Amino acid sequence: MSTFRLPRLSLLVPLLAAALAAGALAGRALFDDSWLGVSVIAVAQIVLLLSWIRHGQATMMTATAAPAPATHDRFMTRTRRIASSLRDLRSAAGNLPDAVVLLDNEQHVRWFNHAAEDLLGLRRPHDRGADLHERLHASELAGWLHEGAHEPLNDIAAPGRPDRHLNVTLLPFGRRQRLLLARDISDLTRLEQVRRDFVANVSHELRTPLTVIHGYLELLDPEDVPELAPVLGEMRAQSKRMGQIVEDLLTLSRLETQEHVADERVGMAALLATLRKEAEALSQGRHQITLESTAEADLLGSPKDLHSALSNLVSNAVRYTPVGGHITIRWQRSGDGAVYSVTDTGFGIPASHLARLTERFYRVSSSRSRDSGGTGLGLSIVKHVLNLHQARLQIESTPGQGSTFSCHFGRERLLGPAGSDES
Ligand code: ADP
């Protein structure tokens, strides 16, 4: 028979401290300092330690060598006190508002908290030891687990409460174990929806009065009031700009709420020719414009949205490149996908701004953007349109030398040119 000796209290306390410290460190590293991460990992460590102690106690009953009665009593009192503190901590983990499930190396459930019952629909004692993937059968979460759960899963309906929204992460834990964390983000989702509705409603409400103001300004003839001609010109330009901001905000609201795009053939030869003409019209001969198209492929998606996104990049290249600069529009194969890119020899963008360029109203230079007629929403629209087409935006730039904005489309979005055999 194997014998197990429970460590002495002098060993247990540092052990417990080490478990907590390791948990806290792992939590900080994995969860970017969030209190939830720290406490969840620390508590999971404690759950393991507690079961180890319990196992130790059980085995100790069978141990051959018994300590002296007085020492034994003191020892047991202290052990019980520590076990009780650990139980308190475990109960705290049990009551966390986010779902926590401890899984073994075969994704069988070892332990879960109350929120996991509510949000994931797990039941005790029935689901202890159950295969989580089978238990969540046919849900989005089960599919994600089945595919290896490499990336966090964002904004899914909770299997146990379809009215709640979850962000789910699977973390490596201990020796080949996993910790599944499902964070209830319903309040955040609701606030996002309120923000989206507010922006869409305000934009919609502004559209009509702006159209009226713009219409009347167009009717006024500067020649009737020559002294007001510069003022009238400025008013017209500004009302046009406001109209464009409102239209861009409405476009963004639509793109944000849309989950899929139309699957239509977008003829690239015609679209590239249009983009080049638009660039020439905007440049008015101030830049040299080149088109290089070697991909011989069309796109599958929304013609209107793709035109809007791809022409935004052309318009930016023209607006942020000084007179005499060179702009190249390219459409070429890359791996089994294709890349649309616009390269300019313009002002360029310092590296510190690159990560934020697709945020709404983010500008490297506000005056330059405004002077060139920008709304600050163009790249945000580009990002949303590309997301809807499962494509990716890449930005490379050197200040003073120029920039390249590239849109990477996957194979699933490519079609052979109309009339060819490739589909
Ligand atoms: P905007 O309407 O201001 O052009 P965008 O969202 O299209 O808004 O672009 C955001 C910012 O990115 C711009 O204000 C500008 O500072 C920078 N930017 C975009 N394209 C280029 C480019 N080709 N060259 C240099 N800067 C650019």
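Predicted model only: the values in this text are computed from it and were never measured. In this chain, numbering begins with 1 at the start of the sequence shown.
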**Q** Is the closest side-chain heavy-atom distance between L313 and Y340 below 4.5 Å?
**A**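 Counting from C-beta outward, L313 and Y340 do come under 4.5 Å.
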
**Q** Quick one: closest heavy-atom pair of S203 and L249, and the distance?
**A**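 Looking at all heavy atoms of both residues, the shortest contact is OG-CB, 3.5 Å.
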
**Q** Could you check whether the rings of W331 and F409 sit parallel, tilted or perpendicular, using 30° and 60° as the cut-offs?
**A** perpendicular

**Q** The test is side chain to side chain contact (heavy atoms under 4.5 Å, CB included); show your working for D187 and L191 and say whether it passes.
**A** CA-CA 6 Å; D187 291 344; L191 283 176; 5.6 Å; no

**Q** State which residue, out of H214, E234, E218, fulfils the side-chain hydrogen bond (donor to acceptor under 3.5 Å, both in side chains) condition with S239.
**A**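 Among the candidates, only H214 passes.
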
**Q** Can you see which heavy atom on G243 is nearest to which on L210, and at what distance?
**A**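 That would be N-CD1, 4.1 Å.
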
**Q** Roughly how far apart are L180 CG and L120 CG, rounded to 0.5 Å?
**A** 6.5 Å

**Q** Would you indicate whether the side-chain heavy atoms of T358 and V382 approach each other to under 4.5 Å?
**A** no

**Q** Does a side-chain N-to-carboxylate-O contact under 4.0 Å join D104 and R175?
**A**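 No.
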
**Q** Quick one, L357 and V364 - any side-chain contact, counting heavy atoms below 4.5 Å?
**A** yes

**Q** Kindly compute the distance separating CG (N167) from CD1 (I185), expressed to the nearest 0.5 Å.
**A** 4.0 Å

**Q** Strictly distance-based, threshold 3.5 Å: is any side-chain N or O of R135 a donor or acceptor partner for the main-chain N or O of G121?
**A** yes

**Q** For the side-chain hydrogen bond (donor to acceptor under 3.5 Å, both in side chains) test, which of T290, T345, T343 pairs with H326?
**A** T290

**Q** For the side chain to side chain contact (heavy atoms under 4.5 Å, CB included) test, which of L103, L132, L153 pairs with L170?
**A** L103

**Q** For N201 and E205, test the side chains for any donor-to-acceptor distance below 3.5 angstrom and give the result as yes or no.
**A** no

**Q** Locate the shortest heavy-atom distance separating V339 from S406; write the atom from each residue and the value.
**A**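 Minimum heavy-atom separation between V339 and S406: CG1-CB, 3.8 Å.
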
**Q** Check step by step if side-chain hydrogen bond (donor to acceptor under 3.5 Å, both in side chains) holds for E134 and H137.
**A** CA-CA 5 Å; E134 273 177 23; H137 183 64; over 6 Å; no

**Q** Rounded to the nearest 0.5 Å, what separation is found between the CH2 atom of W144 and the NE2 atom of H150?
**A** 10.5 Å

**Q** Of the non-hydrogen atoms in G402 and S397, which two are nearest, and what is the gap between them?
**A** O-OG, 3.3 Å

**Q** Just do the side chain to side chain contact (heavy atoms under 4.5 Å, CB included) check on H133 and L136 with the steps written out, would you?
**A** CA-CA 5 Å; H133 172 250; L136 298 172; over 6 Å; no

**Q** Whether E280 and K277 form a salt bridge (side-chain N of Lys/Arg under 4.0 Å from carboxylate O of Asp/Glu) is what I want to check.
**A** no

**Q** Are any non-hydrogen side-chain atoms of D127 and F112 less than 4.5 angstrom apart?
**A**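 D127 reaches F112 side chain to side chain.
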
**Q** Is atom CD of E412 surrounded by more than 12 heavy atoms (other residues, nucleotides or ligands) closer than 6.0 Å?
**A** yes

**Q** Could you tell me whether E151 atom CD has more than 12 heavy atoms of other residues or ligands within 6.0 Å of it?
**A**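 Not buried by this count: 12 neighbours or fewer within 6.0 Å.
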
**Q** Walk me through it: do R195 and E256 pass the test salt bridge (charged side-chain N to carboxylate O under 4.0 Å, His left out)?
**A** CA-CA 11 Å; R195 179 192 65 78; E256 272 185 334; 3.3 Å; yes

**Q** Which heavy-atom pair separates V342 from A317 by the least distance, and what is that distance?
**A**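 It is CG1-CB, 3.7 Å.
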
**Q** I would like to know whether R196 and T257 meet side-chain hydrogen bond (donor to acceptor under 3.5 Å, both in side chains); could you show each step before the answer?
**A** CA-CA 9 Å; R196 272 203 291 269; T257 44; over 6 Å; no

**Q** Quick one: are L299 and M268 in side-chain contact, heavy atoms under 4.5 Å?
**A** yes

**Q** How many angstroms lie between OG in S293 and CZ in R276, if you round to the nearest 0.5 Å?
**A**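 Spacing of OG (S293) from CZ (R276) equals 11.0 Å.
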
**Q** Side chains of L388 and H260: does their closest heavy-atom pair fall under 4.5 Å?
**A**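 L388 vs H260: side chains apart.
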
**Q** Taking atom OG1 of T375 and atom CZ of R241, what is their separation to the nearest 0.5 Å?
**A**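 Result: 8.0 Å between the selected atoms.
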
**Q** How far apart are the C-alpha atoms of L306 and H389, what are their side-chain angles, what is the distance that settles it, and do they pass the side chain to side chain contact (heavy atoms under 4.5 Å, CB included) test?
**A** CA-CA 9 Å; L306 282 170; H389 290 83; 3.7 Å; yes

**Q** Do D98 and L181 make a side-chain contact, defined as non-hydrogen atoms from C-beta onward lying under 4.5 Å apart?
**A**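 Contact flag for D98/L181 side chains = no.
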
**Q** Checking S334 side chain against G337 main chain: does a donor-acceptor pair fall under 3.5 Å?
**A** no

**Q** Does R124 form a side chain to side chain contact (heavy atoms under 4.5 Å, CB included) with H114? I'd like the steps, not just the answer.
**A** CA-CA 10 Å; R124 49 185 103 228; H114 294 305; 3.9 Å; yes

**Q** Check the pair D197 / Q193 against side-chain hydrogen bond (donor to acceptor under 3.5 Å, both in side chains), numbers first and verdict last.
**A** CA-CA 6 Å; D197 289 351; Q193 186 61 44; 3.0 Å; yes

**Q** Given R178 and Q107, is the side-chain hydrogen bond (donor to acceptor under 3.5 Å, both in side chains) satisfied, shown in steps?
**A** CA-CA 8 Å; R178 297 269 185 275; Q107 294 201 352; over 6 Å; no

**Q** Please name the residue in the list N113, V168, L122 that meets the side chain to side chain contact (heavy atoms under 4.5 Å, CB included) test with V101.
**A**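 Per the side chain to side chain contact (heavy atoms under 4.5 Å, CB included) rule, the option paired with V101 is L122, out of N113, V168, L122.
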
**Q** To check you understand the geometry: which heavy-atom pair defines the closest contact between L119 and D184, and what is its length?
**A**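 Heavy-atom minimum between the residues: CD2-OD2, 4.1 Å.
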
**Q** With side chains defined as the heavy atoms from C-beta onward, is the minimum distance between H307 and E278 less than 4.5 Å?
**A** yes

**Q** Looking only at atom types and distance, does a side-chain atom of S311 sit under 3.5 Å from a main-chain N or O of L275, one as donor and one as acceptor?
**A** no

**Q** Can a salt bridge be assigned to the pair R254 and D305 using a cut-off of 4.0 Å between side-chain N and carboxylate O?
**A** yes

**Q** Do the side chain of R356 and the main chain of S352 share a donor and acceptor less than 3.5 angstrom apart?
**A**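 Not at all, since once roles are kept as given, no pair shorter than 3.5 Å links the two residues.
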
**Q** Which residue in the set N316, V318, V314, I327 passes side chain to side chain contact (heavy atoms under 4.5 Å, CB included) when paired with D344?
**A**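 Going through N316, V318, V314, I327 one by one, the side chain to side chain contact (heavy atoms under 4.5 Å, CB included) with D344 is satisfied by I327 alone.
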
**Q** Please lay out, stage by stage, how D298 and R265 fare under the test salt bridge (charged side-chain N to carboxylate O under 4.0 Å, His left out).
**A** CA-CA 7 Å; D298 286 341; R265 174 184 285 275; 2.8 Å; yes

**Q** Please confirm whether the backbone N or O of L377 pairs with a side-chain atom of S380, one donor and one acceptor, at under 3.5 Å?
**A**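 Not a single qualifying donor-acceptor pair exists.
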
**Q** Roughly how far, to the nearest 0.5 Å, is the OG1 atom of T251 from the NZ atom of K304?
**A**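 Atom-to-atom, K304:NZ and T251:OG1 are 6.5 Å apart.
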
**Q** Just checking F361: does its CZ atom have more than 12 heavy atoms from other residues, nucleotides or ligands closer to it than 6.0 angstrom?
**A** yes

**Q** I'd like to know if R207 and E247 make a salt bridge, using a cut-off of under 4.0 Å between side-chain N and carboxylate O.
**A**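 E247 and R207: salt-bridged.
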
**Q** Within 45 degrees of the axis of the six-membered ring of F347 and under 6.0 Å from its centre: does R368 put its NZ or CZ there?
**A** yes

